[in-house]
2 protein chains.
Amino acid sequence: MLTIGKLGDAAGVKVPTIRYYEQIGLLPEPERSAGNQRLYGKSALERLAFIRHSRELGFPLEAIRDLLSLSDRPDQSCAAADIIAKDQLAAVEARIARLTALKAELERMITQCAQGTIADCRIIEVLGDHSHCAQDRRTSEAVG
Amino acid sequence: MLTIGKLGDAAGVKVPTIRYYEQIGLLPEPERSAGNQRLYGKSALERLAFIRHSRELGFPLEAIRDLLSLSDRPDQSCAAADIIAKDQLAAVEARIARLTALKAELERMITQCAQGTIADCRIIEVLGDHSHCAQDRRTSEAVG
DNA sequence: CTTGAACCTCTAGCTGCTAGAGACTTCAGG
DNA sequence: CCTGAAGTCTCTAGCAGCTAGAGGTTCAAG
């Protein structure tokens, strides 16, 4: 049996985070010691490792909740997990594309920085003027 | 003179967001009409466009606050703006690298999905086992 | 003059934690 | 057996960066 601190060390998750996961129902309420301290077994460690790894892959907690409920019923179809993973892949690819565009613009800004005074600083100027944008990706709503 | 709604439309920023920026001191308090409604001039629009564009480039509000205070003193050196932009570039590059690794792992997970039942679903299995990781990038703290 | 959209302030909520207060439990060393 | 430190408990509040809602006022068009 592991105390919450040992569990956290073993899974690479901080103690308050474990309590938070319990609070939002991602982890079941564990046994308690005579002195009311949480005691965890192997299955809790596995579940927490699953959550941690999923978080590292960028899955939001709600997706992890779904994945966990899937893995709690192991005789069902794998298709739902596949869908979640594919959604996540699409989201990751979109983020990469967006960041790559931002990187290009930042690089352009920096190379144009004359190292002079603010008055002729391209960084400030570029940030103030939207029309310099390489690609004008706008967020669809509320734009005239 | 623009009302807050017109300003928001012109800059591509939602009305509550403008009030939020004012609240946290990114935008100065504007004039008011006789009926206590906010009225903005051209400089407010420019400042808001600057903020919006910077946000799109991923600058955190605190960095934007610094950039704005720089641009308020145009006879100073451009070096500080350069540093902020380079920091942001480094952060963007780090995010891209991380996401690219995640993408590879998600793709691997998905191709391994047997489309069978959860019991032999690689997605669930891979997520539960950290040792499958292509690169074991851990967040430095609290890891045994 | 009336309607209805836009505005006002204020508070609370979102995600995914993190930090702190103030009290209790556990364990190792003496 | 006792002490003291480290770990744990619950609870509340805070972070970014907004967003949504309640309940009320103002403005512009018809």
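To find a chain, count down the sequence lines: A is the first, B the second, and so on, and within it residues start at 1.
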Just how far, in rounded Å, is [atom2] of [N] from [atom1] of [X]?
| X | N | atom1 | atom2 | answer |
| --- | --- | --- | --- | --- |
| B/E56 | D/dG17 | CD | C1' | 15 Å |
| A/D9 | D/dG7 | CG | C1' | 11 Å |
| B/I24 | D/dG17 | CD1 | P | 8 Å |
| A/Q23 | D/dA13 | CD | P | 14 Å |
| B/E62 | D/dG17 | CD | P | 8 Å |

Anything under 3.5 Å between a protein N or O and an N or O of nucleotides 22-27 of chain D, put it in a table, one pair a line.
from	atom 1	to	atom 2	distance (Å)
D/dC27	OP1	B/S33	OG	3.2
D/dC27	OP1	B/G35	N	3.0

query = Would you say B/T17's side chain and B/V13's backbone share a donor-acceptor pair under 3.5 angstrom?
reply = no

Establish, with yes or no, whether the OP1 or OP2 oxygen of [N] is under 4.0 angstrom from a side-chain nitrogen or oxygen of [X].
| X | N | result |
| --- | --- | --- |
| B/Y21 | D/dG17 | no |
| B/K14 | D/dC18 | no |
| B/R55 | D/dG17 | yes |
| A/R32 | D/dT10 | yes |
| B/R19 | D/dG17 | no |

May I have the list of side-chain donor-acceptor pairs in residues 31-39 of chain A shorter than 3.5 Å, sequence neighbours left out?
from	atom 1	to	atom 2	distance (Å)
A/R32	NH1	A/N36	O	2.9
A/S33	OG	A/G35	N	3.2
A/S33	OG	A/N36	N	3.4
A/S33	OG	A/Q37	N	3.0
A/R38	NE	A/E22	OE1	2.8

task = With sequence neighbours excluded, tell me which residues meet salt bridge (charged side-chain N to carboxylate O under 4.0 Å, His left out) with A/E93.
result = B/K103

ask   = If you pin B/Y20 and A/K6 to their nearest nucleotides in DNA chain D, which one's is more 5'?
value = A/K6

inquiry  = Let's go through A/Y20 and A/L61 carefully: what are the C-alpha distance in whole Å and the side-chain angles of both, what is the deciding distance for side-chain contact (heavy atoms from CB on, under 4.5 Å) to 0.1 Å, and is it a yes or a no?
reply    = CA-CA 12 Å; A/Y20 171 72; A/L61 289 181; 3.9 Å; yes

query = Which residues pass the side chain to side chain contact (heavy atoms under 4.5 Å, CB included) test with B/P28, sequence neighbours left out?
reply = B/R47

request  = For A/P16, enumerate each residue passing the side chain to side chain contact (heavy atoms under 4.5 Å, CB included) test, keeping only those at least two apart in sequence or located in another chain.
outcome  = A/K14

query = Rounded to the nearest 0.5 Å, what separation is found between the CD1 atom of B/I64 and the OG atom of B/S69?
reply = 12.0 Å

inquiry  = Under 4.0 Å from a heavy atom of chain B: give me the 5'-most and 3'-most nucleotides of DNA chain C that qualify.
reply    = C/dC7 to C/dT9

query = Step by step, would you call A/L68 with A/F50 a side-chain contact (heavy atoms from CB on, under 4.5 Å)?
reply = CA-CA 8 Å; A/L68 280 169; A/F50 182 101; 3.7 Å; yes

request  = Using side-chain contact (heavy atoms from CB on, under 4.5 Å) as the criterion, point out the one residue from B/L67, B/I51, B/D66, B/D87 that pairs with B/F59.
outcome  = B/L67

note = Heavy-atom nearest nucleotide on DNA chain C taken for A/P60 and for B/G5; more 5' hit belongs to B/G5

